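Notes follow once the structure below has been shown.
In this chain, numbering begins with 1 at the start of the sequence shown. Predicted, not measured: the structure shown is a model, and the values here were computed from it. Atoms within a ligand are numbered from 1 in the order they appear, just like the ligands themselves.
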Amino acid sequence: MNASAKNTDELRATALAMVAKGKGILAADESSGTIEKRFKSIGVESSEANRRAYRDMLFTTRGLGQHVSGVILYDETLRQSGHDGTPFPELLKRNGMIPGIKVDTGAKDLALCPGETVTEGLDGLAKRCAEYYKLGARFAKWRAVISIGRDIPSTTCIAANAHALARYAAICQANGLVPIVEPEVLMDGDHTIERCEEVTEWTLNAVYEALYINRVTLEHTVLKPSMVISGKDCARQAGIDEVAERTVRVLKRCVPSAVAGIAFLSGGQSDELATEHLNAMNRDCGPLPWPLTFSYGRALQHAALTTWKGQSGNLPAAQAALLHRSRMNGLAATGQYRADLEKRAA
Ligand code: 13P
């Protein structure tokens, strides 16, 4: 078998494993600034040792691999080791999870477009991807951010972000990493759910056109979209069924069935709502051409973080909280979550 055929087989296997039935992805790739913010909320200093201890707590949760297929890491974490000296990528693999890596370098002001950003990180990306592969990563993530507001998003912003996402995805595939393509339409603002739907549709259409132009193999990608929801400050907050229906409608319109799977971000939704929305889509909106699952950061980690509080004595309870949310979302990924049962169990 020649090298490129092997590469193709591995990319396909990785993409399918990421969205395996009843499993989703844990986003634990908070940048230094973001993790500092999270730690501040529980009164913990963001030192290298504390970041390592926190991620060690998450990754050594027994049974996590039954519900979590892969974990997105930050550069620092990919190079760190657990308390027993096992490098995190190896530790994850041993616990049945695929190591992934965030490769973008953040959303930066988009020139001449006030209030909008473009995600950076393309310079030197091929070299970084090659190194990340050697360190054990098998998939990557790049997050584009689209804000809704007065006169935004602009065509400029959508085009710049779609182009960067597609260039990133091509570079990943050329280096053996499955790209998670993440165009996040932010829920910040008082816009209606209708406006969110319109912007999400516009964004996804632009992203898939750019992926095509950049020769990306869709079968070797996972889409990580935001759900179609009401703006956080909108007076009318759409219910669970409406969110599920509108989200699936847009995805069906824009996402080719060749895509390996769709793993949502939680984007600031409450833990329970993120689970309920995913469940409703899988329970009521099928049949669908792709698996719909989760790639949550906050909605998986929030309970564990606030239980942990930086104290090793809280470790078992924090791990139990992470396992619980992972299990609930695993059930939602097959439409089998029951809110009433969760409430009784709590
Ligand atoms: P949230 O689920 O907290 O939105 O994080 C997912 C993520 O990876 C954002 O890039």
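Scanning the protein for heavy atoms near atom 5 (O) of ligand 1, the closest one is Gly297 N, 3.5 Å. Counting protein heavy atoms only, atom 2 (O) of ligand 1 is closest to Ser266 OG, 2.4 Å.
When atom types are taken as modelled, the side chain of Asn282 and the backbone of Ala332 share a donor-acceptor pair closer than 3.5 angstrom.
Those atoms of ligand 1 with a heavy atom of Tyr296 less than 4.0 angstrom away are 2 (O). Residue contact check: Glu182 has heavy atoms under 4.0 Å from atoms 7 (C), 9 (C), 10 (O) of ligand 1. Close contacts of ligand 1 with Lys224, meaning ligand atoms under 4.0 Å from a residue heavy atom, involve 6 (C), 7 (C), 8 (O).
Using a 4.0 Å cutoff on heavy atoms, Lys141 counts as a contact of ligand 1. The shell of residues lying under 4.0 angstrom from ligand 1, judged by heavy atoms, includes Ser295. Heavy-atom distances between Gly267 and ligand 1 reach below 4.0 Å in at least one pair.
A salt bridge between Glu342 and Arg325 is present, with a side-chain N of the basic residue lying under 4.0 Å from a carboxylate O of the acidic one. The pair Arg94-Glu90 counts as a salt bridge, with a side-chain nitrogen and a carboxylate oxygen less than 4.0 angstrom apart.
The environment of His191 atom NE2 is dense: over 12 non-hydrogen atoms of other residues, nucleotides or ligands sit within 6.0 angstrom. Applying the 6.0 Å contact sphere to CZ of Arg249 captures more than 12 heavy atoms from other residues, nucleotides or ligands.
Contacts between Arg143 and ligand 1, counted as non-hydrogen atom pairs separated by less than 4.0 Å, involve the side chain only.
For the pair Arg138 and Tyr133, the cation-pi test (distance below 6.0 Å, angle within 45°) is passed.
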Check: Does the side chain to side chain contact (heavy atoms under 4.5 Å, CB included) test come out yes or no for Ser31 and Tyr74, once each step is laid out?
Finding: CA-CA 6 Å; Ser31 60; Tyr74 185 55; 4.0 Å; yes
